[in-house]
Every structure is written in structure tokens, then in C-alpha cells.
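Chain identifiers are assigned alphabetically (A, B, ...) following the order of the sequence lines, protein sequences preceding nucleic acid strands; residue numbering begins at 1 within each chain. Side chains included, hydrogens not; waters and symmetry mates left out as well; all remaining heavy atoms used. Being a predicted model, the structure only gives us computed values, none of them experimental.
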2 protein chains.
Amino acid sequence: MSKVLIIGAGGVGTVVAHKVAASPVFTEIMLASRTKSKADDIAAAVGGGRIKTARVDADSVEELTALMRAFRPDIVINVALPYQDLTIMDACLECGVNYLDTANYEPKEEAHFEYSWQWAYQDRFREAGLTAILGCGFDPGVTSIFTAYAAKHHFDEIHYLDIVDCNAGNHGMAFATNFNPEINIREVTQPGKYWENGKWVETAPHEIHKPLTYPEIGERESYLIYHEELESLVKHYPSIRRARFWMTFGQEYLTHLRVIQNIGMARIDPIVYNGVEIVPIQFLKAVLPDPKSLGEHYTGMTSIGCRIQGVKDGRERTYYIYNNCDHEKAFRETGTQAVSFTTGVPAALGAEMFARGLWKKPGVFNVEEFDPDPFMAEIGERGLPWVELFDVNLEL
Amino acid sequence: MSKVLIIGAGGVGTVVAHKVAASPVFTEIMLASRTKSKADDIAAAVGGGRIKTARVDADSVEELTALMRAFRPDIVINVALPYQDLTIMDACLECGVNYLDTANYEPKEEAHFEYSWQWAYQDRFREAGLTAILGCGFDPGVTSIFTAYAAKHHFDEIHYLDIVDCNAGNHGMAFATNFNPEINIREVTQPGKYWENGKWVETAPHEIHKPLTYPEIGERESYLIYHEELESLVKHYPSIRRARFWMTFGQEYLTHLRVIQNIGMARIDPIVYNGVEIVPIQFLKAVLPDPKSLGEHYTGMTSIGCRIQGVKDGRERTYYIYNNCDHEKAFRETGTQAVSFTTGVPAALGAEMFARGLWKKPGVFNVEEFDPDPFMAEIGERGLPWVELFDVNLEL
């Protein structure tokens, strides 16, 4: 018996809406977006009159609190833009609403990924008796829960953690990003960074790469990039000696990214065009294909998992846990491709974990700080089954 | 004793202003631009109080006629945008002013290069007793005059004409265009086209390419593209069996162009961004480096010429006439690189040919329709010396 407010009507919001609507735990659902017609389209696609819609500018605490006061949700699922995490958290505090998101806050003016801004809300959420669940998509999210599950059941100490993210899908377009191009390009063009021996090591963007073999897919060139779950995981698992994140990119994708940077279209500072300030990467977003439009012709699958080395009962062991997700199957179910699907399904289940009282504690928490077992028991039937391999060659 | 109005204060306008100011033929000079401060900067750089400036929107016949009526020029040198050729010609007709440009009219809405629109002014200019000189830059311009000179002195019949345009300069930037990016990208991304056996043959963009050897430079991969002087040259020299235009591009330049097209930033139709119509390629122009800014660090040279095969006194002969222009030298003289320099110097000399009565006949003419000899006699000392080679291997 829980009321949920979903903010954001992109590809991930579409999946969250479908999944939340299918769960009897949520008695009332509202989907809000800057463009109400987008929310209306999703509500119509889900059908059954399950979803109310509203217009909200998630940059505005005032508009957010007005909406929350009117609808009185128990929890907000924030799948808007990462810039908007703090305004939504502020509104939640003001209205006594619990909070869940899938990506950490970053300031609009600089590509800068870290949890500090959101962790700073710890006391306020705890004192208000509210739960804030950070990073409950796939990565961060399921990868963090995979790690928590490994730590709980298979390791006394985790020493080496490599999160591996492969998209072997093909959308048939010369260039498109799988999620919001602005966020995607900011993320993958930043310098690489990994954790080793108690400190962060920086690399040039895409400096470190090697071919890795993904189950049911094969070998794909994989690039070390920084990804936000590394920050919370090395904090919560101090036995970790080295933590890295790898993502596959095709040569053409990288060429396009390099050119986009060279020509200045990745800039996140505004230029003045005909007297109006326009941020080039935001204009580029408007020109590129809408990631939601990719689903229809997307084939192939994603494979995301954790490759872990550590010690159990005094013995070294290796462990690989992963999910493979098929783009076409995801599209048939929700009308979106696997990249949105793998992010939206965990967000919906995380909110349900909260609503069922399983993940409920006052304060601000990354997902690995909750018990992974109930989540792991159900995420498979929600559409993201996982596979464990023991004592395999991790290639790392 | 002639008054000249220069319209356009980009790189070419800068060169034209310098050269016109250096000529005693022009007693009064006005430089007009949409942004008056650009014209003021150029006037200050030229110095000596030689150049008046004005603001004009060259899209507006009304503003153009008002300016022409106030200043009463004998001739306009149009180095604004190709879209603006017709409004400027209209204003010239209305005010009884002669006309010269360096690039043929193209409609803003479609990349479409042909002389039909401007040739349609033939009767009106003739009846008004006014001269319109079309395409008096380097290519079109000097290449057309080279061809006319070859036809006059070295051939009874020209059979094969290959115009070869190499820019072997290095501006040290990842990507930049040598002139207005909008015009440049429109030009080089269109399908290729050449004349053979009485008809036009279309190719895919950059489909045909081969290495050609340029004097003092060496071998450079050269791509068959369509270039507007082909249209008038095959009309005026009907003995031509095949006419082609080749331009060198580096692999990186082509990669950047390909990506710019793939991501939609070469589009010339507007998209709606935050409620405002914006043409992607025009926005890209605002983000890319200003071509005028390239000059300072530009090294190396351009080499542009005509490779001709035909018959003289019953004998087959080959002929190669070209100019090499050094970027650094051009910059020292006028503060712009060689691509602007090679376009602006012929425009200024062409206007002087008119003012001295050497190229004066009522109607609309391409430059090859005038006597090439006085122009060829002076263009070398103006900064563009030329070299003739006979009976060489044309590689074609």
C-alpha cells in the first residue's frame, strides 16, 4: 500500500513506469516530466489507468514541493537528470518523502562525478526519518548489489573488483547514444580513474584498454573509465586493493566522440548564438537521435557484471557474476532497449524493497548498504536473471 | 577615379580591403558588413584613413539600396555569403552599380551550385548598361582565367581540363575550415560531378580519388568534387571533352566531415531548439574556430592550377599552369591565411580591371569571357605569381 512518484519520462522512466505498474505493492502511481505529453504517452502505453501524470520542472524545488504536497507520495523514484538530484532531495526533505535515484548528482557546469554532494544529506534524511537510496540502476545499482552479495556469501575479503560493462547491441545508426547524449558524452569523455592501494589513479581518457571476453558475446575491446559506484564500493569494502570499471566501445563510436570533442560540440559551457546562450552539448542532444527511438531496431545484448578476486576461508578464489540482457526482448516488453531496461528494472524493484520495508532505514545510503538477498531473489523474475561463475579466468 | 563598395568583412573581405586600398585606381572605398565592428577592425588594420565603413544586412535589398544611394559606388565587390548574391545584384540594378563576386549564388535551403540564377540577370544588366563579373576569386576566378589564357595562347582546342586544388598548409588545430564552415561543409559533402562527352556524370561524395603530385609540395590524395567553374568553362569551351575538379583532403579532415554529417550537425534545415528554429550547420559555425583566426599559426602552402590537354597546330600537347601561395607570407601581408588571400587578391584586381575599362561590357559574365592578358600580366605582382609547364605528365 504505497504511493510512488516517478520523475522523468525518458527511456528509463518508461521502464520504471511499466514495472511499478505491474507491482501490486504500489497502489497509486504518478509520472511527472517537464513535458507532460511524454508522461501521457508512457501512461497510455502502460494502460489500465494505473498511472496519473503531471508536469514538473525538476530544477525547481518550488514546483517539486507543490507536486509532492498535492500527491503525497511515500517515495520518489528520480529518473530525471543527474543535475536535478539535489533539488529533488531538497523537496523530499521538505515534504517528508523518501527518495531513490539511479545516478549521482553532478553539477551542470562541470563533468564531475562524486557522491559528496548527496552524502552531505545524510544527517538531514536521518533526522527526518527518511530513507534515501542512491544509485539503484544497473551500474551503479545491480553491480553494487552483486558486490554486496559476493561479500556476504562468497568472500571473507574482496581484493580485486572489476566491473565489466559490454553493450554488444547494434542499433543500425551511424551514431547515437544509448541514453541521454549529454550525460553519456560527459561520462565517457572524462579522464579514466581507478582505485589501487588506497588511492585513486588517474589516466587519460581511454588510455587503458584491452580485449575482454563476455559470455554469449565473445571478445570486445574494453576501456577503463571512471564510474561512480567505484567511490562507494571502495569506501564500504575497505579490503578492496584495486577496483576498476571497464566499458566496451566500438572504434566508430570512439571516433565520433573524438570528433564531437574536436569540433567543440561536447562543450558544457554556453556560447552566445544570435544573442542567446546555448550549451553546445545540449544543442547536440537535440540533433542526435532520441535514445528512446533506438529500441525498435536494436539487436544483440548487453552483458554487465562483476569480476571479483579475494579470499574465502583462507583460500584465494575468483568469481564472476553477470546479467545478459537482450535488446529485442527488452523492447518487446517495455518499448525501450536494454540500456534503459537494465537501469529501470532495478529502480522499480529498489522502490519496492523500500515499500515492503526491506530496505528502509533513515539516512542516505548506497544500495550495497542494504541486504542484497531479497533483491537478488527477485531481480531475475523481474527480467534481469543473473549467473554466477566460480574459479574462472578473470582476464584481469 | 573609381568608387568601390566592398560587402563582407570576413577573411576574403580583409584581403580585398588591403589590396583595393593599395591601388590608386580607387579614390573612395567603403567596407560594409552585418557587424560594423568587423569592418571597423579591418579599416583600422589597413590604416591611412582609406576605408569608410558601414553596417548593412546583405539579405535586405532595401538596406543595400539605401547604402548604395548614399555612397554611390561605381562597383560593388561582393564577398558576403553566396546566399546574398541575388539581393546584392538586385540592389545594383536598382541603383545603377556594377557588380563583381567570387562565388555563385546558392539557395540557403539546399546545397545546390549552379549559375542559372545569376545568368538569368543577363538581359537586365545588359539593358542597364552595367557589368556583372561572376566568380572572380581563385577557383572560380584565376582557374577560369588560366583556362582562358591557355585557350588564347597555347591551344586551338582544349580537350581535357583538370583543375587541381591542394592546400598543403597546417593550421595546427584538430579541425577547422579554411573559409566559412557553413559554405565549406556544404561544398565538400555534396555528391561529386564532372563533365564527360557532353554530359554530367555524378559520383558519390569523395568516391573518386587518387594521389596527385603538386609542385614544391609532393604527392597528396586528391578527391574529385564538383566545383562551380566547371559549369561555365564547359559552356564557353565546347571543345572540352572532360572537365574535372580535384581537391586535396587529409584523412582526418574527411573523418571529421563524416562524423559531422552522421551526428546531424551538417544539416541545413532548421531544428526547433527551446522553441527557436536553429540550423545545425550555422550553430556549428559559431562553435568552430573562426577561419580568420587560423592565419596566425598557419604554415605551408596552397597550390592551385589547371592541367590541360589539347591540340595546338595539329599537335597534342599538355600544359600545367599554377600558383603556389604561402600561408605565412599571406598572413604577414594581410593578416589572413592563403585560402582567403588567393580569393581576395583576384577579386580586387578584377574590380580594378573593370575600373580601368579593361573588363567592361554590359551584361553578366564569367571571368573567362574577358581578355585574360591584362589580368595575367598583373596578378603576379599583386601576390599570386604563376608558373607554366609544357608537355609534362599530367597524371590524369
*So which of B:Pro280, B:Pro181, B:Pro289 has the largest heavy-atom pair count under 4.5 angstrom toward chain A?*
B:Pro280
*So which heavy atom on A:Tyr273 is nearest to which on B:Ile278, and how close?*
CE2-CG2, 3.9 Å
*If you tally heavy-atom pairs under 4.5 Å against chain A, which of B:Met173, B:Gln261, B:Arg258 wins?*
B:Arg258
_Once rounded to the nearest 0.5 Å, what's the spacing between atom CE of A:Met265 and atom CD1 of B:Ile263?_
6.5 Å
*Given A:Val276 and B:Val276, is the side chain to side chain contact (heavy atoms under 4.5 Å, CB included) satisfied, shown in steps?*
CA-CA 10 Å; A:Val276 180; B:Val276 180; 5.9 Å; no
*Around atom CD of B:Glu62, are there more than 12 heavy atoms of other residues, nucleotides or ligands at under 6.0 Å?*
no
*Of B:Ile271, B:Asn274, B:Val287, which is the lone residue that meets side-chain contact (heavy atoms from CB on, under 4.5 Å) with A:Phe283?*
B:Ile271
